[in-house]
Amino acid sequence: MTDDSIRKRIEKLRTEVARHDELYHRRARPEISDLDYDRMKSELAKLEAAHPEFAAPDSPTARVGDDRTEGFATYRHRQPMLSLDNTYSEAELREFHGRLVKLLGREDFSYTVEPKIDGLAVSLTYENGRLVRAVTRGNGVEGDDVTVNARHVHGLLEKLGGRTWPEVVEIRGELYMTLEQFRRINRQREEEGLAQFANPRNLAAGSIKLLDPEEARSRRLEIVTYGLGFCEPAGAAGGTQSDFHSKLRQWGLPVTARFQTLRGIDAIWSEIQQLDKLRHEFAYGTDGAVVKLDSLALQLEAGFTSKAPRWAIAYKFEPERAETRLNAITIQVGRTGVLTPVAELEPVVLAGTTVSRATLHNKAEIARKDIRVGDWVEVEKAGEVIPAVIGVILKRRSPDCRPYRYPKKCPACGTDAVQNEGEVALRCPNPACPVQVRRRVQHYASRACVDIEGLGEAMVDTLVEKGWVNDIPDLYRLRREDLLTLGKSVGKSTDNLLAAIDASKRAELWRFIHGLGITHVGQAAAKDLATRFRGLRELAEARMEDFLGGKKESLIEGIGETMALAIVGHFAVARNRRVVEELLGLGISPEAPASRAATGGRFSGLTFVLTGTLPSLTREEATAMIEGAGGRASGSVSKKTSYVLAGEEAGSKLEKARTLGVPVIDEAEFRRLIAG
Ligand code: IVH
């Protein structure tokens, strides 16, 4: 290569790496895999090393990624948060060890090995055992203050357990989302026609930066801790990485699922291979193993380069990829009519399982990647979750392969698909679409809704196919003699099913609200609505002003504008209103829990509003206690409110209570009241 072409290549790589840094760290929407990113970055680093004449202080190789975003105060770490050097092979790992042996002039030291969690780094500052701050890595020197959202992270402690704590300690850890939670959120988004999150890491990264703490809380993030930053007095957190690990455990903080202290690079290598086998069983995604020098004194001696410690290294596991043929693209119809394209693949083994389907997300994705039926595609288990089609292998494309024409009609009922403003998905707008009916009834009967035992997905399929069920209310009109003709269900199971259906009439109000399948209204929102509306009819008749105040502020906790619009829009459809009327006509009139509980009890006739974070009770626990004592928990403060139960960081509701002269109590007082 000529000097000029090398310079050009370096510049191109710098721009690309910087662009992908931005996508990954700030926007949590990477376009390429970690492996491709690392390859690109290492090509750049090699070129820069060989051509110091083209060095630039602002090259992305000289800095760590930056996650700082608008809307957050920044905070300077007392000790910088650096990143780790990555390796991909046993040889590179042995080189790392060789360098340390040379640097320290000995080889009798131990390492610790633990999984590398694929989340995002945070630094927690504890002063005398109390959490004072949670900050993201940011640019390594200063990060975003995410304390408000972090307080709701599972496993994160407000106050450390044990008896002794350093005066000040920065504890480094990784925020993550479990695969289960990730799938749940994506399923819901799919139903709602919103873009899917690519993997749990991106979703976790986006969630901690949500400006709405309630929304952030509903995402359920978790934490694992593994590292020590600043500590005062020095040494108070132990003299080795293993000591510190024990301290973290004593304090009650979650630590990595497996942690080993080992000597010699052979032992390290075999532990890494062991981890590669075990990692699929961990609750979080892992993308490698982290090897650290155990002794903190030796860590100090080894020191740092400008961006990473010399005493630690990350060994990255290869993401599993495979090439296969795309046989067809099918369109799946969701409960609310969302049309999702699915890749039907020639079966291929990936990460130990046979993969024959992968999501293609939406129409825009297919166009962006120019995916065509008949193409050879590369599939990857993204974050080891759902297989995704990474892209097309153009070299293998046959010349007669035509661009994919996205269908304009619903494959199930032939209705013209529509695209709502602000949504990426196409939808089938026909509520009588047989697939939607099936999914709607399945959802209604599911455990998360009215929970009808014995009415699984297959049974619903049969009932719809037979033409006995065309919508939810038909479940309550099923006839014993019809069911008996199904053969497989002998008398007893038919009777059990009918009894279970009948029993569902007495389910709580929120279960019905959730069961109606209103777009955007999940279980939590259904519960919020049930605290405010006395019954289904009241909800169906609600208008925007029942949800939002003059300045669009929400009047019902947890229900914002998007949801309000979805609810009002849902009942604007005649068919949906009819479902409610029919249910009521069939004798189903669930009442709000509060009105049912309002008889007797110490809190009978009293209305409470919860706001802020209570020291030891969750919102659900406090609500249950209020209702258990015959009171009502409401979402908004009015003159009729008896008490506002306020915790830390209570906001506008507290002010409103003061203006209206409503008594404000704390948890201790609440407990006294309830105890009498
Ligand atoms: S130790 C000074 N241990 O990986 C280096 N990091 O690529 C301290 N990570 O910034 C890092 N799991 O966000 C360490 N068990 C683990 C980890 C871990 C995940 C993250 C961390 C770090 C990044 C480096």
Side-chain angles (χ1 to χ4, degrees), residues 21 24-25 28 30 34-35 37-38 41-42 61 63-67 77-88 96 100 111-124 134-141 143-144 146 170-177 199-202 204-205 208 221-231 237 240-242 244-245 248-249 253-261 268 271-272 275-276 278-279 282-294 296 298-300 302-317 383:
D21 273 337
Y24 182 91
H25 290 289
D34 286 6
L35 185 65
Y37 170 84
D38 285 337
K41 200 161 168 178
S42 106
T61 52
R63 22 182 181 109
V64 298
D66 191 347
D67 70 49
H77 303 295
R78 295 226 190 169
Q79 192 168 300
M81 282 177 88
L82 299 174
S83 86
L84 287 176
D85 284 333
N86 291 330
T87 58
Y88 288 91
F96 158 78
L100 269 183
Y111 290 106
T112 62
V113 188
E114 61 189 322
K116 182 172 188 303
I117 301 119
D118 195 12
L120 68 146
V122 274
S123 180
L124 312 171
V135 183
T136 65
R137 182 163 80 189
N139 64 356
V141 175
D144 284 341
V146 291
E170 284 179 338
I171 297 172
R172 268 76 197 257
E174 203 80 358
L175 293 173
Y176 70 93
M177 185 180 281
N199 59 52
R201 196 214 86 96
N202 298 341
I208 197 69
L221 296 180
E222 322 251 343
I223 192 168
V224 167
T225 55
Y226 50 67
L228 177 63
F230 176 83
C231 182
T240 61
Q241 197 67 42
S242 326
F244 179 58
H245 181 83
L248 290 172
R249 292 177 58 152
L253 287 168
V255 292
T256 45
R258 196 176 153 97
F259 179 93
Q260 301 274 307
T261 312
I268 301 295
E271 171 62 13
I272 289 177
L275 273 178
D276 196 5
L278 295 173
R279 67 194 179 112
F282 302 154
Y284 34 76
T286 51
D287 57 351
V290 182
V291 180
K292 300 174 203 170
L293 203 54
D294 192 29
L296 301 188
L298 288 183
Q299 288 185 0
L300 218 57
F304 300 83
T305 66
S306 70
K307 58 179 198 105
R310 289 202 181 86
W311 45 263
I313 198 138
Y315 176 87
K316 297 277 272 260
F317 300 126

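This structure is a prediction, so every number in the text was calculated from the model and none was measured. In each ligand, atom 1 is the first atom listed, and ligand 1 is the first ligand listed. Note: hydrogens, waters and symmetry copies are ignored here, and every other heavy atom, side chains too, is used. Just so you know, residue 1 is the first one in the sequence shown, and it goes up from there.
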Would you find a donor on one side and an acceptor on the other, under 3.5 Å apart, between the side chain of Asn139 and the backbone of Asp66?
no
For a 4.5 angstrom cut-off between non-hydrogen side-chain atoms, does Tyr284 reach Asp118?
no
Please check this pair: side chain of Asp144 against backbone of Val146, looking for a donor-acceptor N/O pair closer than 3.5 Å.
no
Show the short N or O contacts, below 3.5 Å, that ligand 1 makes with protein N or O atoms; if there are none, say 'none'.
unit_1   : atom_1 : unit_2 : atom_2 : d
ligand 1 : 3 (N)  : Lys292 : NZ     : 3.2
ligand 1 : 4 (O)  : Lys116 : NZ     : 3.2
ligand 1 : 7 (O)  : Lys116 : NZ     : 3.3
ligand 1 : 10 (O) : Arg137 : NH1    : 2.8
ligand 1 : 12 (N) : Ile117 : N      : 3.0
ligand 1 : 13 (O) : Glu174 : OE1    : 2.8
ligand 1 : 13 (O) : Glu174 : OE2    : 3.4
ligand 1 : 13 (O) : Tyr226 : OH     : 3.3
ligand 1 : 15 (N) : Pro115 : O      : 3.0

Glu114 bridged to Lys292 by N-O distance under 4.0 Å:
yes
With side-chain hydrogen bond (donor to acceptor under 3.5 Å, both in side chains) as the test, pick out the partner of Tyr226 among Glu174, Arg172, Lys116.
Glu174
Give a yes-or-no answer on whether the side chains of Thr261 and Thr112 include a donor-acceptor pair shorter than 3.5 Å.
no
